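As structure tokens, the structure follows; a few thoughts come after it.
The model shown is predicted, which means the values in this text are computed figures rather than measured ones. Below, all heavy atoms of this structure are taken into account, side chains as well, without hydrogens, waters or symmetry copies.
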Amino acid sequence: MGGIEFLKGHGTQNDFVLLPDPSGRLDLTPARVAALCDRQRGLGADGVLRVVRSGEAGLESAGEWFMDYRNADGSIAEMCGNGVRVFARYLVEAGLAEAGEFIVGTRAGDRPVVVHPDRTVTVHMGPATITGTSVTVVAGRPFSGVAVDVGNPHLVSVLDDDVADLDLEHQPDFDHDYFPAGVNLEFVNLLGEGALRMRVHERGVGETRACGTGTVAAVAAALHLAGTDTGSSTVDIPGGRVTVTVARGASTLTGPAEIVARGELDEAWWAAAGA
């Protein structure tokens, strides 16, 4: 066919279009990203993962491959924990990396990953840093939250009410002075020791079935509110379950990664989408 290769994958139902582009030749404009992610006129996804060699992307990294991640609205994002898992599994299945441990470059820095024999993936997510407190407003109701930096910004609100009852169809309000580049908003129920339930409204996307960095932020915030900065927890999200461990200056995220389909984009569609 001679079209543009793509794959579709997801990590706990946080779904992505992968574009293999080793030499960095694709003109991945915001308009094309938004078209790809549109669930009516494109393939449909929460974001796009361009697979490019770090050197071709102009990135200084110890890893050969750079995850060029874009939000569904076409904006550039620093990091995506679920995306890294899918990206890592693709590299192994495509023969571009050996199963086991290797490094993926991201805009938030290098991320060591481990692709396990069962194709679950552990990502070393770096530090989860508590940066303060702020407030978000959902349907006119304010919720205080803990601000957490996981290479990208988060605000985690722990609720007594069931998070399933929240209306996250529309963008919740937040302090734009505190988060000038936008923020990912997590809403959490504590289920007992070592267990959380979470929903998330992602910056540049809307509500998603999962958010990898958001699960790390949620666990870090819950530990902080409990008076500690180390611990592990399962996190139940609408798309499934992951396990997060937070330590001083480090964190890990472990969960599934699925490759669903592969094919070719029509070149005429690609050209029109970039207009």
Item checked: Hydrophobic cluster of Leu155, others only, ordered by chain and residue number, side-chain cut-off 4.5 Å -> Val138, Phe143, Leu159, Val163, Leu166, Leu168, Phe174, Tyr178, Phe179, Val183, Leu185, Phe187
Next item on the list: Show your working on side chain to side chain contact (heavy atoms under 4.5 Å, CB included) between Asp266 and Ile4 and close with a plain yes or no.
Entry: CA-CA 7 Å; Asp266 183 83; Ile4 297 164; over 6 Å; no
Check: Residues two or more places apart in sequence or in another chain: which of them pass side-chain contact (heavy atoms from CB on, under 4.5 Å) with Ser232?
Finding: Thr245
Next item on the list: Give a yes or no on whether the backbone of Asp46 and the side-chain of Asp15 come within a donor-acceptor separation of less than 3.5 Å.
Entry: yes
Item checked: Contacts of type side-chain contact (heavy atoms from CB on, under 4.5 Å), residue Asp38, not counting sequence neighbours -> Gln40, Arg41
Margin query: Taking side-chain hydrogen bond (donor to acceptor under 3.5 Å, both in side chains) as the definition, give me every residue that meets it alongside Arg107, ordered by chain and number, with sequence neighbours left out.
Written below: Asp68
Check: Partners of Leu223 by side-chain contact (heavy atoms from CB on, under 4.5 Å), sequence neighbours excluded?
Finding: Val219, Thr228, Val246
Notebook entry, point to check: Please, which pairs that meet salt bridge (charged side-chain N to carboxylate O under 4.0 Å, His left out) have at least one residue in residues 213-232, sequence neighbours excluded?
Noted result: Asp229-Arg248
Margin query: Run the side-chain contact (heavy atoms from CB on, under 4.5 Å) test against Glu64 and tell me which residues pass, sequence neighbours left out.
Written below: Arg53
Checklist line | Step-by-step side chain to side chain contact (heavy atoms under 4.5 Å, CB included) determination, Met125 to Val244 | finding: CA-CA 10 Å; Met125 299 285 286; Val244 172; over 6 Å; no
Notebook entry, point to check: Mind checking who shares a hydrophobic cluster with Ile103, ILVMFWY linked at side-chain heavy-atom distances under 4.5 Å?
Noted result: none
Note to self: If I take atom SG from residue Cys80 and atom CG from residue Asn71, how far apart are they, to the nearest 0.5 angstrom?
What the structure shows: 8.5 Å
Next item on the list: Mind jotting down which residue pairs meet the side-chain hydrogen bond (donor to acceptor under 3.5 Å, both in side chains) criterion with at least one end in residues 150-159? Sequence neighbours excluded, please.
Entry: Asn152-His154, Asn152-Thr213, His154-Glu186, His154-Thr213
Check: Within a radius of less than 6.0 Å around CZ of Arg39, do more than 12 heavy atoms belonging to other residues, nucleotides or ligands occur?
Finding: yes
Note to self: Quick test of your reading: applying side-chain hydrogen bond (donor to acceptor under 3.5 Å, both in side chains), list the pairs with at least one residue in residues 111-131, sequence neighbours left out, ordered by first then second residue.
What the structure shows: His116-Thr122, Asp118-Thr120, Thr122-Thr254
Check: Do any pairs count as a side-chain hydrogen bond (donor to acceptor under 3.5 Å, both in side chains) and have a residue in residues 135-151, sequence neighbours left out, and if so which ones?
Finding: Arg141-Asp161
Check: Who else is in Val52's hydrophobic cluster (ILVMFWY, side-chain heavy atoms under 4.5 Å, direct or via others)?
Finding: Leu59, Phe66
